[in-house]
Amino acid sequence: YPELKLGDNGETSVFAKYGGYLSFTIEAMDRDNTRLLRAAPRELALAGRRNISEQIAALFTVNSGAGPTLTDTGALFNATAVTTAGGHLNLLTTALGTTYTAWDAVALAMYNQPMLVANEVGFYGTGKKQAIEPRYALVPRALKPAAEALFIPRWEAPAQNVAAVSATWGGRVEPITVPEWTDVTDWGAAIDPDLVPGVMLGERFGVIPQVIVAGDQRDPAMFANDEARTKVRHFLATGIGNWTALHKSNVAG
């Protein structure tokens with residue numbers, strides 16, 4: 001058996017603490033005729049979930065859509081050859097369109113991405129092609145109808161003028177709407193993270209936000225001011241695991 005090359009391309013992410021609190025006095029609780037205050041913990045938890053979406057979405061949009069700079073010195077999304085340091089060849093400029101032309105180009109590029117060997121001279125882009133198709137189409141809300149028309153199968157209904165989706169990709173790709181993406185033409189693609197993990201989410205105390213209630217009579221705010229406090233707390237770190245799992249199309253205009 002030949003000795004295999006053991007390489008690494010580790011990325012570094014920094015944990016950040018997110019959260020805040022709401023305060024309610026006994027008088028406010030007495031005036032809560034619609035039980036609005038009961039909804040506060042649930043709303044705080046939902047806000048934490050949306051924050052996760054925001055942090056991950058930003059990985060695709062920072063630096064004018066090129067993404068963060070990785071340890072190999074290249075931006076997450078670039079059109080540089082993979083045989084050079086920092087080259088990822090995972091950036092195109094073609095609109096999603098109404099046919100599979102643009103998606104096929106992205107899928108082919110991701111299929112042909114070489115598996116990572118080592119971030120060293122002589123090993124850039126030398127791995128075998130990963131040979132995996134993208135599983136998710138990432139789109140802004142404005143492109144949701146176009147993505148669903150391409151990838152969600154439906155029965156042919158000429159009377160309603162609804163065309164059947166081609167068997168080429170219909171049902172094999174899941175469109176995901178990214179609420180934070182404001183550019184109405186840019187879109188992306190991702191491989192199933194169970195096969196190649198592209199985006200990584202680090203957490204402390206769990207992915208679900210912590211909702212903490214300080215309402216005991218002995219708590220300082222309650223003791224001094226008859227005030228109960230409800231806090232949401234989240235420790236998160238986001239980063240890139242493997243850039244070969246991701247692709248971006250930054251469309252001009």
Side-chain angles (χ1 to χ4, degrees), residues 8-25 28 36-77 88 90 116 119 135-136 138-141 174 176-183 188-225 227-248:
D8 191 14
N9 194 38
E11 300 292 332
T12 300
S13 297
V14 179
F15 270 94
K17 180 169 63 176
Y18 304 93
Y21 75 91
L22 299 173
S23 63
F24 309 107
T25 62
L36 176 64
L37 302 185
R38 291 186 178 183
R42 181 176 66 252
E43 294 300 320
L44 289 173
L46 289 174
R49 292 180 57 191
R50 294 293 301 113
N51 182 53
I52 293 177
S53 174
E54 181 180 11
Q55 301 309 313
I56 293 177
L59 294 173
F60 292 78
T61 58
V62 296
N63 298 328
S64 301
T69 300
L70 305 186
T71 57
D72 61 8
T73 71
L76 171 57
F77 301 108
H88 299 161
N90 59 353
L116 302 181
N119 186 29
R135 177 71 179 85
Y136 301 100
L138 311 175
V139 296
R141 179 59 182 83
E174 180 180 346
I176 295 179
T177 303
V178 185
E180 291 76 22
W181 286 4
T182 57
D183 190 296
I191 289 174
D192 188 333
D194 287 338
L195 301 177
V196 183
V199 174
M200 307 299 289
L201 175 65
E203 47 77 19
R204 190 181 301 170
F205 307 123
V207 174
I208 300 175
Q210 292 178 291
V211 176
I212 303 166
V213 178
D216 188 273
Q217 295 292 346
R218 292 167 294 182
D219 290 325
M222 180 63 77
F223 183 87
N225 302 314
E227 176 187 341
R229 295 181 177 182
T230 301
K231 179 177 73 173
V232 62
R233 181 174 67 188
H234 223 178
F235 288 89
L236 297 175
T238 55
I240 301 301
N242 192 331
W243 53 263
T244 66
L246 306 171
H247 199 284
K248 185 84 183 294

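Note that OG1 of Thr12 is 11.0 Å distant from CG of Leu70, once rounded to the nearest 0.5 Å. One distance of note links CD of Glu54 with CD1 of Ile56; it measures 11.0 Å at 0.5 Å rounding. Remark: Asp72 CG to Trp243 CH2 distance equals 7.5 Å, nearest 0.5 Å. The distance from atom CG of Leu116 to atom OG1 of Thr244, rounded to the nearest 0.5 Å, is 5.5 Å.
Scanning for ring pair (Phe, Tyr, Trp, His ring centres under 6.0 Å) contacts around His234 gives an empty result, with sequence neighbours left out.
Partner of Leu76 under the side-chain contact (heavy atoms from CB on, under 4.5 Å) criterion, chosen from Ile240, Val62, Thr69: Ile240.
Side-chain atoms of Asn225 never come within 3.5 Å of backbone atoms of Thr25 as a donor-acceptor pair (strictly under, hydrogens ignored). The backbone N or O of Thr71 sits less than 3.5 Å from a side-chain atom of Glu11, completing a donor-acceptor pair. Side-chain atoms of Asp219 come within 3.5 Å of backbone atoms of Gly215 as a donor-acceptor pair (strictly under, hydrogens ignored).
Counting heavy atoms from C-beta outward, Arg50 and Pro179 have side chains that approach closer than 4.5 Å. Side chains of Asp216 and Met222 form no contact here, defined as non-hydrogen atoms less than 4.5 Å apart. No side-chain heavy atom of Phe77 sits less than 4.5 Å from a side-chain heavy atom of Asn63. In this structure, Phe60 and Val178 have side chains that are not in contact, with every pair of non-hydrogen atoms separated by 4.5 Å or more. A heavy-atom distance below 4.5 Å is not found between the side chains of Leu59 and Leu246.
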Given Glu180 and Thr61, is the side-chain contact (heavy atoms from CB on, under 4.5 Å) satisfied, shown in steps?
-> CA-CA 9 Å; Glu180 291 76 22; Thr61 58; over 6 Å; no
Can I get a per-line list of side-chain donor-acceptor pairs under 3.5 Å for residues 194-213, giving both atom names and the distance, sequence neighbours left out?
from   : atom 1 : to     : atom 2 : distance (Å)
Glu203 : OE1    : Gly206 : N      : 2.7
Gln210 : OE1    : Arg233 : NE     : 3.0
Gln210 : OE1    : Arg233 : NH2    : 3.2

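No more than 12 heavy atoms of other residues, nucleotides or ligands sit less than 6.0 Å from atom CZ of Phe223.
Between Ala190 and Leu138 the shortest heavy-atom distance is CB-CD1, 4.4 Å. The two atoms that bring Tyr136 and Asp192 nearest to each other are CE1-CA, 4.0 Å, heavy atoms only. When all heavy atoms of His88 and Ala75 are compared, the closest pair comes out as ND1-O, 2.8 Å. When all heavy atoms are compared, the tightest approach of Leu236 to Tyr18 is CB-CE1, 4.0 Å.
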